[in-house]
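Please read the structure below before turning to the comments.
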Amino acid sequence: MNLILLGAPGAGKGTQAETICAKLKIPAISTGNMIREALKSGTEMGLKAKSYMESGDLVPDEVVIGIVKDRLQQDDCKNGFVLDGFPRTIPQAEALDKMGVKIDKVIEIHVPDEKIVARMSGRRVCEDCGASYHLLYKKPKVEGKCSVCGGTLVQRTDDHPDTVNARLKEYHTKTEPLKAYYEKQGKLVVVEGQEEVADTSRLTLAAIEA
Ligand code: AP5
Ligand code: ZN
């Protein structure tokens, strides 16, 4: 099954990708994580993306399209994948179609803006392995420490309220038009993402199996 998770920043795409991937045994492909990794290891692509990411803007299409194209050619994508955070613009969706990749379903996790800003202020991520937590909704076993690798939990630099607002603006102007794009292809399913993580997982898995 080839899936796309669509939704505002902080809607819960990464969280739900984890559940879907564990259940269907397919990889999650998060362009956000891939860009953060590139930034950490100081690659040319990471350096190109840095200023965009830090100000909450989208990274240029050609940069992201290139990394997704390479990633989808790897062996572990043969039985399916979940795209988390890609495509995010119409040109990215068109590029994906041109790659000849057949998408089965596009699931939009819907959360209104006012809930997003509050949710993002509580997110903490592991600075070593990138695992994601929440101060209220997904607490680590030991405060401030990653339950996977023991690394220190920090706030993402783009999770400060001003940057979150910039990311929401980018989402509404550049990414939301994808809903109509995939609705026209008969692939869009909208899932409510405001309730607890487990409720959203139940709705998301039901949408995939329908
Ligand atoms: P990216 O890393 O993709 O960020 P995003 O889309 O803004 O999404 P997030 O990772 O912030 O949120 P999420 O929806 O995955 O939510 P999560 O599950 O973590 O991208 C970052 C940047 O990279 C972009 O701004 C851009 O610059 C660049 N980029 C990436 N892809 C690109 C592309 N294709 N084109 C161009 N540029 C690109 O949940 C959030 C928090 O809420 C967590 O703490 C979680 O524990 C908690 N939570 C989740 N679900 C619930 C729930 N139901 N109830 C309560 N808390 C919950
Ligand atoms: Zn960790």
Side-chain angles (χ1 to χ4, degrees), residues 4-19 28-39 45-46 48-68 71 82-93 95-96 107-111 115-142 144-159 163-164 166-171 174-175 178 191-204:
I4 292 174
L5 286 181
L6 208 61
K13 302 180 295 295
T15 303
Q16 296 307 324
E18 249 179 63
T19 310
I29 299 172
S30 158
T31 41
N33 285 348
M34 287 159 91
I35 297 167
R36 276 185 290 277
E37 280 298 316
L39 228 159
M45 192 275 275
K48 260 192 216 160
K50 190 174 192 287
S51 61
Y52 296 100
M53 205 168 189
E54 283 178 349
S55 50
D57 296 336
L58 291 183
V59 172
D61 286 335
E62 62 275 14
V63 175
V64 193
I65 290 167
I67 59 169
V68 171
R71 180 66 185 87
V82 177
L83 283 170
D84 159 11
F86 183 93
R88 251 182 161 94
T89 62
I90 296 283
Q92 290 180 19
L96 191 62
I107 296 165
E108 185 212 344
I109 304 176
H110 173 259
V111 179
K115 276 220 165 171
I116 297 279
V117 182
R119 208 185 255 190
M120 300 297 247
S121 65
R123 172 161 56 186
R124 294 295 179 271
V125 293
C126 172
E127 62 179 0
D128 292 331
C129 77
S132 175
Y133 300 88
H134 195 282
L135 294 178
L136 301 175
Y137 309 118
K138 194 183 172 195
K139 295 181 184 176
K141 287 183 193 125
V142 178
K145 294 282 168 208
C146 176
S147 309
V148 180
C149 75
T152 303
L153 302 186
V154 295
Q155 187 168 36
R156 249 169 66 173
T157 49
D158 62 348
D159 275 353
T163 319
V164 171
R167 288 161 64 196
L168 281 169
K169 214 167 142 205
E170 284 281 84
Y171 175 74
K174 297 183 182 159
T175 308
L178 289 178
V191 160
E192 192 48 65
Q194 297 188 60
E195 307 307 326
E196 289 187 13
V197 173
D199 294 325
T200 310
S201 298
R202 200 173 25 78
L203 294 171
T204 306

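For ligands, and for the atoms within them, numbers begin at 1 and follow the listed sequence. Sequential numbering from 1 along the given sequence is applied to the chain's residues.
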| said: Can you report which non-hydrogen protein atom sits closest to atom 30 (C) of ligand 1, along with the distance? | reply: R88 NH1, 3.4 Å

| Does the N or O separation between D84 and ligand 1 drop below 3.5 Å for any pair? | no

| field | Ionic contact status for D128 with K145, cut-off 4.0 Å | value | no

| request: Tell me, with the steps shown, if T19 and T204 meet side chain to side chain contact (heavy atoms under 4.5 Å, CB included). | output: CA-CA 9 Å; T19 310; T204 306; over 6 Å; no

| Does some non-hydrogen atom of P87 fall short of 4.0 Å from ligand 1? | no

| Rounded to the nearest 0.5 Å, what separation is found between the CZ atom of R123 and the CD atom of Q155? | 9.0 Å

| query | To the nearest 0.5 Å, what is the distance between CG (L39) and NZ (K48)? | reply | 13.0 Å

| request: For atom 47 (C) of ligand 1, grab the closest protein heavy atom and report residue, atom and distance to one decimal in Å. | output: H134 CD2, 3.9 Å

| query | Quick one: does E195 get an N or O within less than 3.5 Å of an N or O on ligand 1? | reply | yes

| What residue and heavy atom of the protein are closest to atom 34 (N) of ligand 1, and at what distance? | G85 O, 2.8 Å

| request: First locate atom OH of Y171, then atom CG of L58, and finally report the distance between them rounded to the nearest 0.5 Å. | output: 11.5 Å

| Top protein contact for atom 16 (O) of ligand 1, by heavy-atom distance | G12 N, 3.2 Å

| ligand 1 atoms in contact with A8 (distance to a heavy atom under 4.0 Å) | 14 (O)

| field | Per-residue contact class, R36 against ligand 1 - non-hydrogen pairs under 4.0 Å | value | side chain

| field | Nitrogen or oxygen of K13 less than 3.5 angstrom from that of ligand 1 | value | yes

| task | Would you check whether L58 has a nitrogen or oxygen atom less than 3.5 angstrom from a nitrogen or oxygen atom of ligand 1? | result | no

| task | Check R124 against ligand 1 and report side chain, backbone, both or neither, counting heavy atoms closer than 4.0 Å. | result | neither

| field | V197 and its side chain to side chain contact (heavy atoms under 4.5 Å, CB included) partner, picked from H134, E18, Q16 | value | Q16

| task | Kindly compute the distance separating CD1 (I90) from NZ (K174), expressed to the nearest 0.5 Å. | result | 13.0 Å

| remark: atom 44 (O) of ligand 1 has as its nearest protein heavy atom Y133 O, 2.9 Å

| If you measure every N/O of T15 against every N/O of ligand 1, is any gap under 3.5 Å? | yes

| message | When you compare ligand 1 with Y137, is there at least one nitrogen or oxygen pair between them that comes in under 3.5 angstrom? | response | no

| Hey, does V59 come in under 3.5 Å of ligand 1, counting only N/O atoms on both sides? | yes

| task | Test side chain to side chain contact (heavy atoms under 4.5 Å, CB included) on M120 and D158 and set out the steps. | result | CA-CA 9 Å; M120 300 297 247; D158 62 348; over 6 Å; no

| query | N/O to N/O below 3.5 Å, does that happen between D158 and ligand 1? | reply | no

| query | Does P9, backbone or side chain, put an N or O under 3.5 Å from an N or O of ligand 1? | reply | no

| said: To check your reading of the model: name the closest protein heavy atom to atom 21 (C) of ligand 1, its residue, and the distance in Å. | reply: R156 NH2, 3.7 Å

| Vertex the Zn ion (ligand 2), rays to SG in C129 and SG in C149 - rounded to 10° | 120°

| Out of curiosity, I35 CD1 to T31 OG1, how far, rounded to the nearest 0.5 Å? | 5.5 Å

| query | Considering E170, M120, R167, Q194, which one's heavy-atom position lies nearest to atom 25 (O) of ligand 1? | reply | R167

| Which residue holds the protein heavy atom closest to atom 54 (N) of ligand 1, what is that atom called, and what is the gap in Å? | R119 NH2, 3.4 Å

| field | M53, E196, E18, R123: member with heavy atom nearest to atom 40 (C) of ligand 1 | value | R123

| said: Please work out, at 4.0 Å between heavy atoms, whether the side chain, the backbone, both, or neither of A49 comes within that distance of ligand 1. | reply: neither

| said: Checking the N or O distance criterion of under 3.5 Å, is ligand 1 in contact with G14? | reply: yes

| task | Pick, from I35, I109, D57, N33, the option with the minimum heavy-atom distance to atom 29 (N) of ligand 1. | result | I35

| task | Specify the protein heavy atom at minimum distance from atom 31 (N) of ligand 1: its residue, its atom name, and the distance to 0.1 Å. | result | T31 OG1, 2.8 Å

